[in-house]
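Notes follow once the structure below has been shown.
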Number of protein chains: 4
Amino acid sequence: MDTSSRQGRSAPTRAGRAGRSTRAGRATAAGESERRAAIVEIAAGLFAERGYRATTVREIADAAGMLSGSLYHHFDSKESIVDELLSSFLDELHAQYTAIAAARAGPSDTIAALARAAFAAIAGHRAAVTVFQNERGYLATLPRFAYLRTSEEASQALWLRALSEGIAGGELRADLDPKLTHRFLRDAIWVSVHWYRPDGPLGPDEMAEHFLATVFDGIRARGTGGDAPPAPAEVKTKR
Amino acid sequence: MDTSSRQGRSAPTRAGRAGRSTRAGRATAAGESERRAAIVEIAAGLFAERGYRATTVREIADAAGMLSGSLYHHFDSKESIVDELLSSFLDELHAQYTAIAAARAGPSDTIAALARAAFAAIAGHRAAVTVFQNERGYLATLPRFAYLRTSEEASQALWLRALSEGIAGGELRADLDPKLTHRFLRDAIWVSVHWYRPDGPLGPDEMAEHFLATVFDGIRARGTGGDAPPAPAEVKTKR
Amino acid sequence: MDTSSRQGRSAPTRAGRAGRSTRAGRATAAGESERRAAIVEIAAGLFAERGYRATTVREIADAAGMLSGSLYHHFDSKESIVDELLSSFLDELHAQYTAIAAARAGPSDTIAALARAAFAAIAGHRAAVTVFQNERGYLATLPRFAYLRTSEEASQALWLRALSEGIAGGELRADLDPKLTHRFLRDAIWVSVHWYRPDGPLGPDEMAEHFLATVFDGIRARGTGGDAPPAPAEVKTKR
Amino acid sequence: MDTSSRQGRSAPTRAGRAGRSTRAGRATAAGESERRAAIVEIAAGLFAERGYRATTVREIADAAGMLSGSLYHHFDSKESIVDELLSSFLDELHAQYTAIAAARAGPSDTIAALARAAFAAIAGHRAAVTVFQNERGYLATLPRFAYLRTSEEASQALWLRALSEGIAGGELRADLDPKLTHRFLRDAIWVSVHWYRPDGPLGPDEMAEHFLATVFDGIRARGTGGDAPPAPAEVKTKR
DNA sequence: TATGAATGAGCTTTCATTCAT
DNA sequence: GATGAATGAAAGCTCATTCAT
């Protein structure tokens with residue numbers, strides 16, 4: 001009766017995770033979902049490649065083998081397509097992050113697990129991550145995408161807790177600024193989607209290990225005696 | 001056929017800095033240059049704030065106190081404006097990078113100097129850096145902006161040399177992958193333009209020091225005896 | 001080539017009421033007719049409320065509890081729906097007008113009867129009257145709806161005959177222009193559909209009486225002696 | 001500086017009548033206004049002829065000898081065009097109505113003057129009146145056109161005052177319902193725009209006189225003795 | 001009969017750019 | 001140098017209609 005109930009659905013999806021597939025009788029819903037999902041995937045590739053705004057509805061339709069008007073049978077706007085892409089990706093990521101936090105491992109292990117989840121997401125949802133990275137700034141200005149901010153705050157909170165506990169407990173250096181550190185780590189992880197090649201030699205786990213090794217112990221060789229390499233001038237004498 | 005013929009001047013600028021301003025500014029040329037520079041700065045702010053493509057020529061003109069048609073007395077296209085913005089920023093950065101490399105300090109000091117130059121650029125050319133970060137992907141597809149790639153390769157070369165020499169000379173850990181390491185560092189530095197506030201409590205130097213401290217020695221507290229905190233499970237046993 | 005071939009049936013309907021329903025309703029035909037009638041009624045409400053062109057086929061289908069494509073099992077076009085609505089309404093009205101004229105009452109009584117029939121139609125066929133009022137102008141440009149004009153001419157003829165006879169016989173003022181008078185009366189009656197509320201305090205008969213009282217005797221109080229209120233300046237001294 | 005200040009102007013126009021032309025220096029403003037006015041007039045004709053929504057922006061532009069995009073140099077939307085048309089028409093009408101009310105003539109004279117002003121408007125602003133009549137229902141649903149309702153209420157108030165005073169003072173029949181009477185009169189006047197031909201034999205004043213004569217004294221011949229024509233059956237005995 | 005996917009033409013609007021003045 | 005009118009291509013979206021199932 002209300003056609004908008006089917007198409008403009010980011011809110012319900014995010015609000016309750018109780019979506020369409022809960023009940024049986026998925027005969028039609030499943031067919032519907034497949035087509036929708038296929039379109040979202042196609043669009044995601046284009047959005048990632050050339051940008052959300054630079055991708056036209058006609059290009060998406062072309063790539064999906066239909067006319068532009070036909071897209072509107074499945075989505076009520078171009079925005080709804082990115083919305084579905086980003087909200088389902090963030091839902092999934094958030095679920096993983098939450099599970100990691102709930103496991104209540106030690107700070108170092110938690111941090112490592114968060115990083116591994118992130119690199120796995122980069123490998124498994126390249127397009128979604130790319131779009132999120134590139135378009136977040138623009139999309140977050142639209143009320144509909146307020147959840148982009150919410151979502152970031154939630155994951156920041158998890159990182160901050162692990163970092164703070166690590167510092168307090170002596171596992172991490174006492175002179176770290178948790179917020180600043182989180183930002184550096186977050187950026188270094190996520191931006192790698194721009195150059196990471198899923199078909200290249202490194203799997204997501206290797207990326208994660210390399211990253212974690214660098215992050216935990218730094219890039220400087222550990223001095224084993226008196227012949228430690230000199231610290232870079234000024235590094236620790238700032239101001 | 002070649003739109004860069006008259007006013008699209010990135011090539012000459014980059015080729016040799018032999019531009020119009022060599023003969024010390026005659027009245028008109030100087031006035032012209034000032035006006036151009038003022039427009040570039042205004043446009044840069046808008047591009048950074050809302051994106052290159054999302055910024056209309058009219059908005060730039062409005063902000064510059066003229067009508068959109070009048071902009072074309074100074075620039076022959078919207079592209080020429082970003083071109084001037086990015087090419088002059090990259091020229092400057094490249095000059096600094098080259099000077100640092102020419103100083104031939106040790107690897108650690110070179111890396112520290114490169115990082116400091118980058119953070120200084122972020123603080124001093126916020127808009128240019130932001131535009132570069134956000135629009136590079138799109139712009140680099142245009143032949144005119146091929147130099148965006150060239151420029152990145154050049155600076156990558158400098159970083160890689162310092163990292164490789166550091167590894168070879170024992171200053172840096174032997175198990176580092178120079179390319180991968182460079183990418184992590186580069187991203188962590190530059191993406192900070194998105195959240196760095198020039199009027200906030202941290203100056204660019206403080207940002208650099210915090211970054212360098214983390215990067216050189218890691219976030220893990222150094223064990224001083226037998227009570228070293230445990231390594232995160234699996235971190236070094238991957239595969 | 002002729003879209004009215006199968007289901008666009010205004011012509012047959014109007015031509016002789018010899019339609020499908022002649023052979024007293026077989027199960028399917030009757031069911032079909034009911035469904036059609038229900039759809040017409042639903043559509044009429046929407047057309048009246050938001051306009052014929054502004055009402056989408058999807059909205060009609062939604063309101064009828066089916067999908068837009070399914071509507072085309074009952075009607076071969078959106079036009080066919082209005083056509084059925086207007087032609088059946090006009091058929092009925094025309095039948096009443098004809099009966100009134102056939103009664104050959106005196107001019108005043110004929111006029112009063114015509115007006116009563118019109119107000120009754122407004123009360124009983126709100127939606128049809130509204131659509132007729134609002135869309136006649138547009139629809140009459142389509143060949144298919146030529147009967148809209150025909151119909152108006154027919155009823156105009158009846159009104160004109162009554163008015164002319166009234167003037168000729170001395171019942172009505174000698175200085176009336178029949179055509180002009182008819183138009184004023186017709187408009188004043190029919191346009192009331194825009195503000196008439198069937199659930200309000202006035203029934204159609206009360207509307208008719210109020211209208212007729214005003215029309216026959218005017219709004220000015222009848223002077224009973226020398227103290228008649230003054231005529232409005234100029235009213236009778238035109239030019 | 002703010003381009004919207006020039007184009008979306010129904011509010012200022014209606015709000016204060018202190019428009020652009022108050023100060024001298026109309027060189028540019030006048031040229032601007034002429035073009036705008038010409039476009040409004042062209043569009044008005046099309047809107048009146050085929051309806052607001054059925055008229056495409058391209059048709060307006062064609063008729064104005066430009067491309068559809070060029071229209072947006074003068075108006076920021078199709079709505080702005082009707083807005084300018086209707087608001088300036090209503091402003092003018094309202095000014096006349098107000099002047100008539102301010103003259104404080106007797107009720108009959110006031111009513112006659114209001115009717116004359118209306119018929120003059122019909123003759124002088126055919127297109128605007130037609131558009132107002134036909135599109136009011138749709139447009140009034142848009143917040144921007146709330147003034148359509150306001151305007152009607154204001155003129156209704158003037159009519160009601162004159163009618164009520166006439167009834168109270170004995171000039172008009174005591175059994176009139178002022179509201180109902182106003183509606184009949186209003187409709188009979190304004191709907192005539194649909195059939196009035198400005199190049200026909202009747203001028204607006206003649207229309208007004210004919211209307212007023214009918215309205216004040218009715219269409220029935222005045223009985224001068226015992227041979228008064230019979231009242232239509234039931235007319236005064238209803239219920 | 002009904003569904004739902006798809007069509008295709010057309011809509012309003014945006015915008016970088018041109019050019020006579 | 002600046003104006004402002006105009007261009008023309010393209011954008012996102014709508015909608016009556018068709019048709020295989």
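Throughout, protein chains are lettered first and strands after them, A, B, ... in sequence-line order, and every chain is numbered starting at 1.
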Does [N] have its OP1 or OP2 closer than 4.0 Å to a side-chain nitrogen or oxygen of [X]?
| X | N | result |
| --- | --- | --- |
| A:R53 | F:dA11 | no |
| B:Y72 | E:dT17 | yes |
| A:H73 | F:dT14 | no |
| A:H74 | E:dG4 | no |

Starting from [atom2] on [N], measure out to [atom1] on [X] and report it in whole angstrom.
| X | N | atom1 | atom2 | value |
| --- | --- | --- | --- | --- |
| B:F47 | E:dA16 | CZ | C1' | 12 Å |
| D:I60 | E:dT13 | CD1 | C1' | 13 Å |
| C:D62 | F:dA16 | CG | C1' | 15 Å |
| A:L71 | F:dC15 | CG | C1' | 15 Å |
| A:M66 | F:dT18 | CE | C1' | 16 Å |
| D:R50 | E:dC11 | CZ | C1' | 15 Å |
| A:E59 | F:dG12 | CD | C1' | 13 Å |
| A:F75 | E:dG4 | CZ | P | 16 Å |

Nearest-nucleotide pick for [X], side chain only, options being [options]:
| X | options | answer |
| --- | --- | --- |
| B:L67 | F:dA2, F:dG4, F:dG8 | F:dG4 |
| C:K78 | F:dT17, E:dT17, E:dT13 | F:dT17 |
| D:R35 | F:dA5, E:dT13, F:dT3 | F:dA5 |

Quick one: does D:V82's side chain get under 4.5 Å of D:V40's, heavy atoms only?
->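 Side chain of D:V82 against side chain of D:V40, heavy atoms only: no contact under 4.5 Å found.
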Hey, is the main chain of D:E79 close enough, under 3.5 Å, to the side chain of D:Y52 for a donor-acceptor pair?
->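 At least one qualifying donor-acceptor pair exists.
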Donor-acceptor contact present, side-chain B:S88 to main-chain B:E84, <3.5 Å =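 It does hold such a pair.
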Distance-only donor-acceptor check, side chains C:T141 and D:R50, under 3.5 Å =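 Judged by distance alone, the side chains do not pair up.
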Could you please name the partner base of E:dA9, counting Watson-Crick and G-U wobble pairs only when both distances are under 3.5 Å?
->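 Matched E:dA9 with F:dT14 under the 3.5 Å cut-off.
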With both distances under 3.5 Å as the test, what is the Watson-Crick or G-U wobble partner of E:dT21?
->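 Check on E:dT21: paired to F:dA2, both distances under 3.5 Å.
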Is it possible for you to check whether D:K78 lies under 6.0 Å from the centre of the six-membered ring of D:F47, through NZ or CZ, and within 45° of that ring's axis?
->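 So D:K78 doesn't make the cation-pi contact.
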Most 5' of C:Y52 and D:R58 on DNA chain F, judged by nearest nucleotide |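 Its nearest nucleotide lies further toward 5', so the answer is D:R58.
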Closest-nucleotide 5' rank along DNA chain F - winner of A:T55 and D:G69 =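 By nearest-heavy-atom nucleotide position, the 5'-most residue is D:G69.
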Pick from A:V131, A:I81, A:I60: which one makes a side-chain contact (heavy atoms from CB on, under 4.5 Å) with A:L46?
->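 Between A:L46 and the candidates, side-chain contact (heavy atoms from CB on, under 4.5 Å) is satisfied uniquely by A:I60.
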Using a heavy-atom cut-off of under 4.0 Å over every strand shown, decide if C:S70 touches base, sugar-phosphate, or nothing.
->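 Result for C:S70 = base.
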Map A:G65 and D:V57 onto DNA chain E by nearest heavy atom, then report which one ends up closer to the 5' terminus.
->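 Its nucleotide being nearer the 5' end, the pick is A:G65.
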So which one's nearest nucleotide on DNA chain E is more toward 5', D:E79 or B:T56?
->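 Its nearest nucleotide being more 5', the pick is D:E79.
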